[in-house]
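Below is one structure, written out as structure tokens, with a few remarks after it.
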Amino acid sequence: MTTIDPAPSLHFIRRIIEEDLETNKYDGRVMTRFPPEPNGYLHIGHAKSICLNFGLADEYGGLCNLRFDDTNPTKEEVEYVESIKEDVRWLGFDWEDRLYYASDYFEQLYQYAVQLVQEGKAYVDSLSAEEIKEYRGTLTKPGRESPHRNRPVEENLDLFKRMRAGEFEDGTHVLRAKIDMASGNLNMRDPVMYRILHAEHHRTGNDWCIYPMYDWAHGLCDSIEGITHSICTLEFEDHRPLYNWFLEQLDVYRPQQIEFARLNLTHTVMSKRKLLRLVKNGHVRAWDDPRMPTISGFRRRGYTPKSIRDFCERIGVAKKDSTVDIRLLEYYIREDLNKRAPRVMSVLRPLRVVIDNYPEDKVEELEAINNPEDPAMGKRMVPFSRVLYIERDDFREDPPKKWFRLAPGREVRLRYGYYITCADVVKDEKTGDVVELHCTYDPETRGGWSPDGRKVRGTLHWVSAAHALEAEVRLYDHLFIKPDPEDEEDGSDFEVNLNPNSMETLKSCKVEPSLTGAASGSRYQFERLGYFCVDPDSSDETLVFNRTVTLRDTWAKIEKAQQTKASGKH
RNA sequence: UGGGGGAUCGUCUAGUGGUAGGACGCAUGACUCUGGAUCAUGCUACGGGGGUUCGAAUCCUCCUCCCCCAGCCA
């Protein structure tokens with residue numbers, strides 16, 4: 001399941017767990033939970049949390065529950081529940097029979113609330129939402145007590161029962177904890193525990209018309225499940241006193257809440273709200289668009305679960321706000337795919353090449369290695385014939401310095417094929433575009449070796465025209481042009497930083513025949529180009545590939561350096 | 001001007017009184033039938049001022065900057 005780094009860092013949460021294990025704080029137990037709200041798709045920030053919670057449980061011989069935090073029926077849907085389960089499973093984690101819902105505990109939560117009411121620690125408030133807000137005070141001004149704060153217990157009990165019974169309209173009453181309206185921590189100024197919501201819940205239907213708030217529900221769910229380490233993100237830090245307060249008052253089992261910094265990535269946004277906007281405004285096709293930082297997006301893009309897990313381990317866990325360079329993620333997917341993706345030759349922007357001295361009807365099957373990193377992956381045969389396609393980018397009529405590829409009069413190697421020399425360039429009379437190359441081949445160089453040992457720096461990928469399969473290839477780039485999408489001149493917002501070229505669709509790509517019938521989701525390295533994955537849109541008629549990530553491109557760097565030098569920049 | 005957190009290479013992260021380390025990135029070189037991969041070498045950091053100490057990223061102190069909180073969202 002989980003691959004653990006040979007020397008994972010002893011980050012502060014591991015340290016806490018090890019201390020707790022030593023002092024036997026929880027009888028040697030480690031019990032965590034991943035508690036998503038089913039109101040959207042999971043993104044890579046959630047992956048960090050999933051890897052943390054399931055990973056820690058695994059490392060320390062504990063268990064991790066999957067628990068849906070479904071306390072707000074107005075925003076939650078089964079569709080999200082299903083996608084979340086799929087994503088967690090895909091990442092490689094297993095909650096076994098421990099699939100829980102906060103809604104499983106609604107009755108018990110209610111009983112606990114009644115207990116607090118009976119003890120005079122909670123009361124029904126009948127102020128409007130606006131009034132409650134006003135009474136709460138501000139960051140610097142203390143709040144005021146509600147006129148209903150000192151209702152007799154019996155009245156509170158009666159009102160609360162009738163809230164549950166559905167006697168009141170939404171918004172007319174709430175149940176609040178009686179804590180401290182003057183607290184510097186706003187969460188402690190008599191937080192709302194229940195609100196009236198006449199809404200159908202995706203699991204409990206119409207059984208309830210009052211729903212618990214996060215702060216009230218979360219700690220109790222953790223307590224009921226016997227969670228030891230309740231890990232959440234930094235913004236809940238000042239909810240911790242409240243988390244503890246409820247558990248103390250009820251005198252129930254107390255887990256501890258631990259907060260860590262959420263993941264931010266360059267060149268993308270990470271909040272569900274913003275991701276939803278990208279979908280709604282048509283900037284991407286859907287939640288699983290390969291440009292999205294969602295887990296389903298990465299999956300469709302061709303990322304492996306292992307690459308994401310390795311990434312999540314490497315970025316570490318701390319309390320400092322941070323933004324990880326997306327190139328680190330790209331490093332991990334390259335590293336993984338380099339070892340496991342079979343190599344194949346595909347030409348994205350075809351340029352026709354005729355080998356004038358190669359026999360018209362001859363076809364040779366040439367042996368190609370499937371993965372130089374893994375001999376066990378074997379070999380395959382690739383057809384070679386007189387008319388081929390090569391990449392347009394691999395030919396320059398006017399080659400710059402350090403150009404190893406094809407140019408008039410230059411000789412290059414066709415990978416696993418022959419050495420060819422460019423003899424003639426055919427152009428479109430009107431546009432001047434190069435439409436075809438005429439080359440000659442050296443029959444002595446079959447397979448890509450020359451008996452005289454002459455040096456050929458450039459090796460090109462190619463596909464035999466007669467045998468090529470047509471394919472559509474979708475190239476992706478960062479969703480946002482700037483590392484920080486929020487970095488904009490005042491007035492506008494992150495949408496102005498959207499990369500207009502984040503997706504490019506290439507229609508008549510030529511791929512080698514071994515790709516016939518490639519299954520959706522299968523991943524390949526297109527030699528010299530990058531890693532590609534068969535998209536679900538793919539069919540027997542049209543193969544569709546997504547570019548997961550490019551290969552490192554040293555030539556692009558050299559050329560860029562040459563250009564900046566030429567333009568006088570340093 | 002309330003409360004809660006946080007500051008170490010460009011980025012992420014170790015280090016918890018004893019030479020500031022790793023990864024990504026970047027640069028250079030070697031190798032190569034992928035300008036891929038691999039290997040080698042190099043690059044840059046303790047927010048600031050005082051103090052304690054033989055010795056401070058670490059301890060004390062003052063300051064600065066950044067993040068979160070005023071949902072009947074989570």
Side-chain angles (χ1 to χ4, degrees), chain A residues 7 9-11 35-37 39 69 71-72 74-76 125 127-129 132-134 136-143 170-176 182-189 191-197 210-211 213-215 217-218 232-241 259 261 263 266 272 314-332 334-335 338-339 343 345 368-369 372-373 402-405 412-417 419 445 447-449 456-461 483 525-530 550-559:
Chain A
S9 81
L10 191 60
H11 56 65
E37 183 190 14
N39 69 342
D69 217 330
T71 56
N72 185 354
T74 64
K75 291 187 176 174
E76 296 150 8
D125 198 357
L127 253 27
S128 69
I132 287 181
K133 180 185 164 84
E134 195 202 318
R136 185 153 32 229
T138 68
L139 294 178
T140 49
K141 277 200 317 236
D170 289 7
T172 53
H173 305 278
V174 290
L175 185 75
R176 301 178 73 177
S183 173
N185 181 347
L186 303 219
N187 297 116
M188 300 300 273
R189 320 243 263 229
V192 172
M193 295 164 62
Y194 278 95
R195 74 284 213 191
I196 300 172
L197 243 34
I210 56 171
Y211 290 92
M213 297 288 289
Y214 168 85
D215 287 306
H218 204 90
C232 63
T233 45
L234 250 29
E235 69 270 25
F236 291 100
E237 219 150 13
D238 47 15
H239 290 240
R240 191 178 349 123
E259 311 86 9
L263 169 66
T266 59
K272 282 185 195 169
R314 202 72 197 77
I315 56 175
V317 179
K319 298 195 74 153
K320 182 177 73 165
D321 292 310
S322 64
T323 303
V324 179
D325 195 325
I326 200 159
R327 283 181 299 184
L328 185 61
L329 219 206
E330 292 171 351
Y331 167 81
Y332 279 105
R334 285 192 186 107
E335 181 191 63
N338 177 47
K339 290 177 201 141
R343 271 59 169 173
M345 290 197 284
I369 293 164
E373 301 294 318
K402 294 184 182 171
W403 179 261
F404 301 158
R405 282 116 97 144
V412 297
R413 168 169 38 234
L414 293 178
R415 178 139 235 231
Y416 303 122
Y419 290 5
T445 57
W449 303 97
V456 175
R457 295 297 298 270
T459 299
L460 309 189
H461 59 279
Q525 184 196 96
F526 288 1
E527 292 221 23
R528 303 209 304 133
L529 297 173
T550 60
L551 250 29
R552 269 207 198 81
D553 192 346
T554 307
W555 166 247
K557 276 183 197 169
I558 295 170
E559 192 173 36

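With hydrogens and angles disregarded, a donor-acceptor distance shorter than 3.5 Å links the side chain of R413(A) to the backbone of G448(A). Between the side chain of T71(A) and the main chain of M213(A), no donor-acceptor pair closer than 3.5 Å is present.
Atom-to-atom, NZ of K320(A) to C1' of A57(B) comes out at 13 Å; the value is rounded to the nearest Å. Here the C1' atom of nucleotide G36(B) and the OH atom of Y416(A) are 11 Å apart, to the nearest Å. Between the C1' atom of U11(B) and the CD1 atom of I315(A) lies a distance of 12 Å, rounded to the nearest Å. Distance, H461(A) NE2 to U34(B) P: 13 Å, rounded to whole Å. Following rounding to the nearest Å, K319(A) (NZ) and A14(B) (P) show an atom-to-atom distance of 13 Å. Atoms CG (L329(A)) and C1' (G25(B)) sit 15 Å apart, rounded to a whole Å. Rounded to whole angstrom, the span from the CG atom of N185(A) across to the P atom of G3(B) amounts to 11 Å. Here G71(B) presents its C1' atom at 16 Å from CD1 of I196(A), a figure rounded to the nearest Å.
Distance from the side chain of K557(A) is smallest to A27(B) among A27(B), C67(B), G71(B). Considering only the side chain of T138(A), A70(B) comes nearest among A70(B), G6(B), A74(B). Of the candidates G6(B), A74(B), G35(B), the closest approach to any side-chain atom of N72(A) belongs to A74(B). For R528(A), counting side-chain heavy atoms from C-beta on, the closest listed nucleotide (A70(B), U34(B), C67(B)) is U34(B). In the set G22(B), G35(B), U32(B), U32(B) carries the atom at the smallest distance from any side-chain atom of R457(A). Distances were taken from every side-chain heavy atom of L551(A) (C-beta onward) to each of C69(B), A74(B), U34(B); the shortest belongs to U34(B).
Note on K133(A): a side-chain N or O is less than 4.0 Å away from OP1 or OP2 of G71(B).
C65(B) and G47(B): their C1' atoms are spaced 7 Å apart (whole Å). Across A56(B) and U52(B), the matching P atoms stand 11 Å from one another, rounded to whole Å. As rounded to the nearest Å, U41(B) and U8(B) have P atoms that lie 28 Å from one another. When the P atom is used for both C24(B) and U38(B), the distance is 9 Å, rounded to whole Å. Nucleotides A7(B) and A14(B) place their C1' atoms 16 Å apart, quoted to the nearest Å.
Using modelled atom types and a 3.5 Å distance limit, the side chains of H461(A) and R415(A) yield no donor-acceptor pair. One side chain, H218(A) or D69(A), offers a donor N or O that lies under 3.5 Å from an acceptor on the other. Under the 3.5 Å distance criterion, with hydrogens and angles disregarded, no donor-acceptor pair is assigned to the side chains of S183(A) and R189(A).
Glycosidic conformation of G10(B): anti, with the torsion beyond 90° of 0.
No hydrogens or angles were tested; on distance alone, nothing pairs the side chain of E259(A) with the base of G6(B) as donor and acceptor under 3.5 Å. Judged by distance alone with a 3.5 Å cut-off, a donor-acceptor contact links the side chain of R405(A) to the base of G35(B). Under 3.5 Å, the side chain of Q525(A) and the base of U34(B) form at least one donor-acceptor pair of N or O atoms. For R314(A) against U13(B), a side-chain-to-base donor-acceptor contact under 3.5 Å is absent. Between the side chain of D238(A) and the base of G3(B), a donor-acceptor pair under 3.5 Å is found.
Using a cut-off of 4.0 Å between Lys/Arg side-chain N and Asp/Glu carboxylate O, K402(A) and E559(A) are scored as not salt-bridged.
Take the nearest nucleotide of RNA chain B for L460(A) and for L328(A): the residue whose nucleotide is more 5' is L328(A).
Note on ring orientation: taking the six-membered ring where Trp is involved, the planes of F236(A) and Y214(A) are tilted (angle from 30° to 60°).
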